[in-house]
Amino acid sequence: MASASTQPAALSAEQAKVVLAEVIQAFSAPENAVRMDEARDNACNDMGVLKFARLVKSYEAQDPEIASLSGKLKALFLPPMTLPPHGPAAGGSVAAS
């Protein structure tokens with residue numbers, strides 16, 4: 001299987017920035033709120049989205065603006081997560097016998 005670095009990029013970094021900004025703008029529009037809820041409910045493994053996400057991920061390390069836009073887009077789809085507590089106060093350690 002060929003790695004992503006050996007294949008020519010389908011989008012340039014500048015094109016990825018434009019696409020990310022437009023997608024965020026469209027998803028954030030109030031008139032699309034119902035459709036966004038439906039999309040979240042009906043989400044599945046769409047290969048086009050996965051390929052785009054992989055391409056954007058490859059640009060994140062190279063361009064802070066793409067990393068920021070990607071984070072905003074992820075925030076639209078993924079609910080905020082809290083980390084479970086760790087350490088002795090949370091009962092996470094096992095006492096030695």
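Only this structure's heavy atoms are used, side chains among them; waters, hydrogens and symmetry mates stay out.
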In a table with atom names and distances, give each donor-acceptor pair under 3.5 Å that connects a side chain of residues 63-71 to protein atoms at least two apart or in another chain.
unit_1, atom_1, unit_2, atom_2, d
Asp63, OD1, Glu65, N, 2.8
Asp63, OD1, Ile66, N, 3.3
Asp63, OD2, Lys17, NZ, 3.0
Glu65, OE1, Lys17, NZ, 3.4
Ser70, OG, Glu60, OE2, 2.5

Could you work out, with side chain to side chain contact (heavy atoms under 4.5 Å, CB included) as the rule, every residue matching Ala75, not counting sequence neighbours? none

Any heavy-atom pair between the side chains of Lys51 and Leu55 that's under 4.5 Å? no

According to side chain to side chain contact (heavy atoms under 4.5 Å, CB included), who are the partners of Ser28, at least two apart in sequence or on a separate chain? Ile24, Leu76

Please confirm whether the backbone N or O of Tyr59 pairs with a side-chain atom of Gln62, one donor and one acceptor, at under 3.5 Å? no

Drop me the distance from Lys72's NZ to Phe27's CZ, to the nearest 0.5 angstrom. 15.5 Å

Counting heavy atoms not belonging to Glu31, are there more than 12 under 6.0 Å from its CD? yes

Under a 3.5 Å distance rule, please check whether Asn32 uses its side chain to pair with a backbone N or O of Ala26 as donor and acceptor. yes

